[in-house]
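What follows is a single structure, written as structure tokens, with notes after it.
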Amino acid sequence: MPRLRCSNCDFLLNECLCAAVQPVHCDRHWLVLQHPKEQSHPKNTLRLLTLCVANLEIVRAESGADIDHAIAALKLGSVLLYPGDSALPWTASSEALPADASVVLIDATWRKATKMLALNPALSAMPRRALAEGFVSRYSRRKTSVQGGLSTLEALAYAREIDEGRDPEPLLQLLDARMAIMSRHLPD
């Protein structure tokens, strides 16, 4: 017998997050490139973002034409939010992005994200921004060896705070609510 799911958030009824969902507005266009294996992963924070942010564009692919077309459609000045040696630090004092520029995020494990960059020359050629050090991940269920590594939800929340001056807490509180539920149901 299938387990009953919430018709709103699509989580199991005993994991429903509707009470924690607060719609948030983004002035900027956000493109999320999601590795196909992440979509059904229980720790997937992009799923949480889709409950709150209406204007996310999501492309699910590891490589190929879908990613190439999405990147080609971006306006001049768009950036990839991803750490690395070529990434400029993104702080409140950074040069502002053009109003119609997009921010691209990769939703994947760090290993899969690195592979996606290698497989997609247009993606790896994008100008990069990286969040300044000091942002602490609240995603207690995720393990990473990447210094300052954040979940997709956290990266968007903090970048939106820097870029648009918007409070990250509505998104982070949703993540906290999901972590509380997961701690009751999933082993460490």
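Of the possible polar contacts, none joining the Asn55 side chain to the His25 backbone as a donor-acceptor pair under 3.5 Å is found. Put simply, the side chain of Arg128 never gets that close to the backbone of Tyr82: no donor and acceptor are under 3.5 Å apart. Checking side-chain atoms of Ser151 against main-chain N and O of Glu154 turns up a donor-acceptor pair under 3.5 Å. Of the possible polar contacts, none joining the Arg166 side chain to the Asp27 backbone as a donor-acceptor pair under 3.5 Å is found. The closest donor-acceptor contact from the side chain of Asn120 to the backbone of Met116 lies under 3.5 Å.
The shortest heavy-atom contact between Ile162 and Ala92 is CG2-N, 3.8 Å. Ala70 and Glu57 make their closest contact through CB-OE2, 4.4 Å (heavy atoms, listed as atom of the first residue, atom of the second, distance). Between Cys16 and Cys6 the shortest heavy-atom distance is SG-SG, 3.7 Å. Contact between Ala61 and Ile67 at its shortest, heavy atoms only, is O-CD1, 3.5 Å. The two atoms that bring Ala108 and Ala113 nearest to each other are CB-N, 3.8 Å, heavy atoms only. Taking both residues in full, the closest heavy atoms of Ala155 and Leu81 are given as O-CD2, 3.8 Å, listed atom of the first, atom of the second, then distance.
Rounded to the nearest 0.5 Å, atoms CG (Leu172) and CD (Glu169) are 5.0 Å apart. Of the inter-residue distances, the one linking Cys26 atom SG with Leu171 atom CG reads 7.5 Å to the nearest 0.5 angstrom. Between Cys18 atom SG and Leu13 atom CG the span is 9.5 Å, to the nearest 0.5 Å. To the nearest 0.5 Å, atoms CG (Asp10) and CG (Leu51) are separated by 9.0 Å. A distance of 10.0 Å separates CG in Asp66 from CG in Leu33, rounded to the nearest 0.5 Å. Between Leu156 atom CG and Leu150 atom CG the span is 11.5 Å, to the nearest 0.5 Å.
With hydrophobic clusters built from ILVMFWY side chains whose heavy atoms lie under 4.5 angstrom apart, Met182 shares a cluster with Leu174. In the hydrophobic clustering of this structure, Leu123 groups with Trp110; members are Ile, Leu, Val, Met, Phe, Trp, Tyr whose side-chain heavy atoms approach within less than 4.5 Å, directly or through other members.
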Original post:
Could you go step by step and tell me if Leu117 and Leu80 meet the side-chain contact (heavy atoms from CB on, under 4.5 Å) rule?
Top reply: CA-CA 11 Å; Leu117 281 168; Leu80 172 62; 3.7 Å; yes
Original post:
Should Val21 and Asn8 be marked as a side-chain contact (heavy atoms from CB on, under 4.5 Å) after you check the CA-CA gap, both sets of side-chain angles, and the distance that decides it?
Top reply: CA-CA 10 Å; Val21 172; Asn8 226 14; over 6 Å; no
Subject >> Met126 vs Leu74, side-chain contact (heavy atoms from CB on, under 4.5 Å): CA-CA, chis, key distance, verdict >> reply: CA-CA 11 Å; Met126 287 188 72; Leu74 298 175; 3.9 Å; yes
**OP:** List the steps, then state whether side-chain contact (heavy atoms from CB on, under 4.5 Å) holds for Arg178 with Glu15.
**Re:** CA-CA 8 Å; Arg178 180 66 181 142; Glu15 297 180 4; 3.1 Å; yes
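With a 4.5 Å cut-off on side-chain heavy atoms, Leu56 and Leu46 count as touching. The shortest side-chain heavy-atom distance between Leu97 and Trp90 falls under the 4.5 Å cut-off. Contact annotation: the side chain of Thr109 never approaches that of His35 to less than 4.5 Å [non-hydrogen atoms, C-beta and beyond]. Using a 4.5 Å heavy-atom cutoff, the side chains of Arg129 and Ser94 are in contact. Between Arg160 and Pro168, the closest side-chain pair of non-hydrogen atoms is not below 4.5 Å.
A search for side chain to side chain donor-acceptor pair (under 3.5 Å) contacts involving Glu38 returns nothing, not counting sequence neighbours.
Under a cut-off of 6.0 angstrom, the local environment of NZ in Lys112 is crowded, with over 12 non-hydrogen atoms contributed by other residues, nucleotides or ligands.
When the options Ile181, Leu175, Asp176 are evaluated for a side-chain contact (heavy atoms from CB on, under 4.5 Å) with Met179, the one that passes is Leu175.
Salt bridge status for Arg28 with Glu164: absent, with no side-chain N to carboxylate O gap under 4.0 Å.
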